[in-house]
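One structure below.
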Amino acid sequence: MMNGSTGRRSGGSGRVRAASAALCLFAGALTATAAGASPAAALTPPVAITADDLTTWQTNGIVWSMAATEGTVYAGGTFSTIRPPDAAAGTSEQPAVNFAAFDAATGAPTGCSLSFTLSSGTATVRALALSPDGGTLYAGGQFGAVNGVGVSNIAAVDTATCTPRQDFKIAVSATVRALDATADTVYLGGDFTSVGGQTRNSFAAVTTGADLLPWTANADEVARAVEVTPDGQHVALGGDFFTVNGTTSHALAVVDATTGALTTSYPGFIPNTSTVQDLTTDSTGLYTANEGTGGGVFDGRIAIDLDDYQQRWRDTCLGATQAVLAHSGVLYSGSHAHDCASMGGFPDQPRRHLLAQSVDDPTLLPWFPDTNDGIGEPVGPRVMAQTDKGGRHYLWVGGEFTTVNGAGQQGLTRFADGPDTGAPWVPNVSLSTVTPGQIDVQWQTSFDTDDGELTYRIYKDGASTPVHTTTGYSLFWDRPQLKWTDTDVAVGETHSYRITASDGTNTSAKSPAQSATVASSTQAYPARVLSDGASLYWRYDEGASTFAADTTGALNNGFLRNAPAYRQTPAAIAGDSTAIGFDGASEYAYSNKRHPQPTRFSVETWIKTTTTRGGKIIGFGNLTMQNSTRFDKHVYMTNEGRLVFGVYSGGRRTVTTNGSYNDGAWHHVVATQGPAGVALYVDGQLRASNFLYTSNENYPGYWRVGGDNLANWANRPTSNFFAGQIDETAVYPTALSASTVSAHYALRTGG
């Protein structure tokens, strides 16, 4: 059992019975934190464990279970050997049949060797739990012998001698997936229907001498987790079940520790398409790891107050959670989370396998080590354990992964509360000289795997002392733009700038030097865009980076994906620096900020292309790392070069130009929607409109440039992505007038 910083164990995963879900369960999920804010500043405690993995021995298979105490970590699973940290699979291996023990501080095996076997079929150790005094290790799974001593899916091991206890034997009819122990009782859960020859469906309790207790908590489906509460009065149950002792309580229940009588039921609390894979506690809370299959699933984590067994919070991340562990006020979890946007976290991203949250708040904390999915189902992490040794705290993770933080490492890894060795990413920098007599230094905030608040230092003209120092909060999916204006300059001077990011211990390299010349007069075109109220304005004057700087005060910067071609010349506007080129295959940009539905808006950009495959030029979509599943408010080009402006309002509403614009020249494109309907302008002239189209689809999303989904839209082109150059992209919260659009176009005097 895990209380505070003591050891942990966890069960496995399996199929889920699908049924209709009550979506009202998700009340309590957080709304998104404003970009650029410091959401973790108000959260306690900080994440003390670093994201830097330590050298650890590996397995050649899946680690399903762990338990830890007094500096020793026990690991069970489905594997046959262990090997040193840097050894490739199949080399330098030594036997370890479904079990191994390790020194928490070194990651090396201790010498305690046990072999869990089965006469036919594949043996596995699915659950481990230590007695409160650490003297006995209980193991559950599917096995018939330990070191040749006959057992039946459950065993007890004397930890002092690392030998099976001959006095602990009881027959369990099927796999044991979960264990927890007090000084006198061992609670077990799994697939079984009998224990000691008596009926026990999924859950049972035995004495430490292996005598079956009358404790009864019969469930109708597989059990995956058991957790004794810190006061010893109750046992929390988790699994696939729909009833406990005949009473409806899906996936989660709390029963009396002495009798097994149901004390708290949870009908409709977790969708029928989801299960509880793991449970953990601290002094005030019970925490669940949830996995779902099919539609309407719940894959995240729930915190429950122990004083009344009611929900404290829940998150709604998608990506099945397999393991949870509470340590020093932080809830660590193992999953394959890929979308946490619904609760203010990252949107559609590649899977992230290790996360941290405050036990008091589901907001994701800045702790992002990572594994891969690995072998097996695959999922990645399956179990966590924590123990202390030599004054340091160690967090161990087991599972089916084969890499950790991008390097080869199979089955096991570990982290500690130091040292922190990882430096933040080098900042991406852009300079702006729109306003005469000054240089605006703009940069995309960096990312550090275990620190959200970073310190930035700006170095001018090669100096070793920074001219400006500031801080900013960022996460890997939310890297808001920061800005500093240098007024200690004179017209005509050229200055260069470099920036570093520091987590307080480690500092990035300096960014590549960026130079700009101080302007003597206002640039007419960008000045007009800003004065007309643009809320996003990307000029694409950066060098090679992932950053599209926003020139407005909203600092609504963009991410550039898949390396579009920077510094394309000539630009669309005379006197402008550069444009950007997209390949028509995979390159695009998206806004860092997630926006609510714009009910009135204008999008404006310049394009130059000769493509005959069409593609999306600019639009609004709900996803960032893949093609959106909800998408409208967009301008796209047909294969013939005509331009289409479309919104969704009970159907796909579009207007289309008669002329084609894939002639290799720069063209000014503006699309507006407001009370007067939609309008599409090209080169300062109205080319198509419809006064009936006054609304669009309501969903939060991101502005995307250069590509996104176009499925089922009128005259859909061959490509979703635009091949050509784009420049001077702006978005407005109003519908620009025809005269304003014409005035913008008139400000182009060459290019």
Side-chain angles (χ1 to χ4, degrees), residues 1-3 5-12 54 56-82 94-117 123-143 146-147 149 151 153-165 168 176-181 186 188 208 225-226 278 280 323 325 327 334 381-389 393-399 410-414:
M1 184 176 74
M2 198 293 304
N3 295 322
S5 62
T6 57
R8 264 303 287 153
R9 79 290 171 274
S10 177
L54 303 174
T56 308
W57 275 59
Q58 311 171 68
T59 65
N60 70 339
I62 302 172
V63 174
W64 291 105
S65 55
M66 288 196 291
T69 188
E70 300 296 329
T72 299
V73 176
Y74 302 96
T78 311
F79 52 85
S80 59
T81 66
I82 57 175
Q94 62 185 54
V97 184
N98 301 314
F99 176 87
F102 301 91
D103 185 298
T106 66
T110 64
C112 174
S113 178
L114 297 170
S115 177
F116 288 77
T117 58
T124 184
V125 177
R126 287 297 185 110
L128 293 171
L130 283 154
S131 60
D133 64 4
T136 301
L137 174 68
Y138 299 98
Q142 185 178 30
F143 48 83
V146 182
N147 283 7
V149 176
V151 293
N153 298 320
I154 191 169
V157 176
D158 181 277
T159 57
T161 61
C162 189
T163 57
R165 275 179 42 191
F168 187 94
V176 174
R177 297 179 181 274
L179 290 169
D180 206 353
V186 181
L188 53 151
T208 53
V226 292
D278 192 22
T280 192
L325 185 145
H327 170 62
R382 291 286 188 176
V383 61
M384 292 178 161
Q386 193 281 319
T387 190
D388 302 340
K389 186 171 185 180
H393 304 294
Y394 294 93
L395 172 66
W396 282 65
V397 179
Q410 185 172 359
L412 283 169
T413 190
R414 64 195 177 101

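This structure is a prediction, so every number in the text was calculated from the model and none was measured.
Here L114 contributes atom CG and N98 contributes atom CG; the two are 11.0 Å apart, rounded to the nearest 0.5 Å. The distance from the CG atom of L188 to the CD1 atom of I154 is 4.5 Å, given to the nearest 0.5 Å. With rounding to the nearest 0.5 angstrom, the OG1 atom of T69 is 12.0 Å from the NZ atom of K389. Taken from CD1 in I82 to OG1 in T59, the straight-line distance is 9.0 Å, to the nearest 0.5 Å. Atoms OG1 and CZ, on T208 and F168 in that order, are 8.0 Å from each other to the nearest 0.5 Å. Atom OG1 in T72 sits 10.5 Å away from atom CG in L137 (nearest 0.5 Å).
Checked by atom type and distance alone, the side chain of T56 never pairs as donor or acceptor with a backbone atom of L412 at under 3.5 Å. Within the 3.5 Å criterion, the main-chain N or O of V125 finds a donor-acceptor partner in the side chain of S65. Within the 3.5 Å criterion, the main-chain N or O of C112 finds a donor-acceptor partner in the side chain of T110. A donor-acceptor pair under 3.5 Å is formed between the side chain of S131 and the backbone N or O of T136. In terms of modelled atom types and a separation under 3.5 Å, the side chain of R414 and the main chain of Y394 share no donor-acceptor contact.
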Carefully, step by step, assess Q58 and N60 under the rule side chain to side chain donor-acceptor pair (under 3.5 Å). CA-CA 7 Å; Q58 311 171 68; N60 70 339; over 6 Å; no
Go through it in stages, so that I can follow the logic: the residues are R126 and Q142, the test is side-chain contact (heavy atoms from CB on, under 4.5 Å), and I'd like the CA-CA distance, side-chain angles, deciding distance and then a yes or no. CA-CA 8 Å; R126 287 297 185 110; Q142 185 178 30; over 6 Å; no
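Here the shortest heavy-atom pairing between W396 and D103 reads CZ2-O, 3.6 Å. The nearest pair of heavy atoms linking A75 to F102 is CB-CE1, 4.1 Å. The shortest heavy-atom contact between A101 and Y74 is CB-CD2, 3.7 Å. Considering all non-hydrogen atoms of both residues, V73 and A104 come closest at CG2-CB, 4.0 Å. Here the closest heavy-atom approach between residue V63 and residue G411 is recorded as CG2-O, 3.4 Å. Of all heavy-atom pairs between A68 and T387, the closest is CB-CB, 3.8 Å.
By the 30° and 60° cut-offs, the orientation of the rings of F116 relative to F99 is tilted.
A cation-pi arrangement, defined by a distance under 6.0 Å to the six-membered ring centre and an angle within 45 degrees of its axis, is absent between R382 and W64.
More than 12 heavy atoms of other residues, nucleotides or ligands lie within 6.0 Å of CD in Q94, so this atom counts as buried by the packing criterion.
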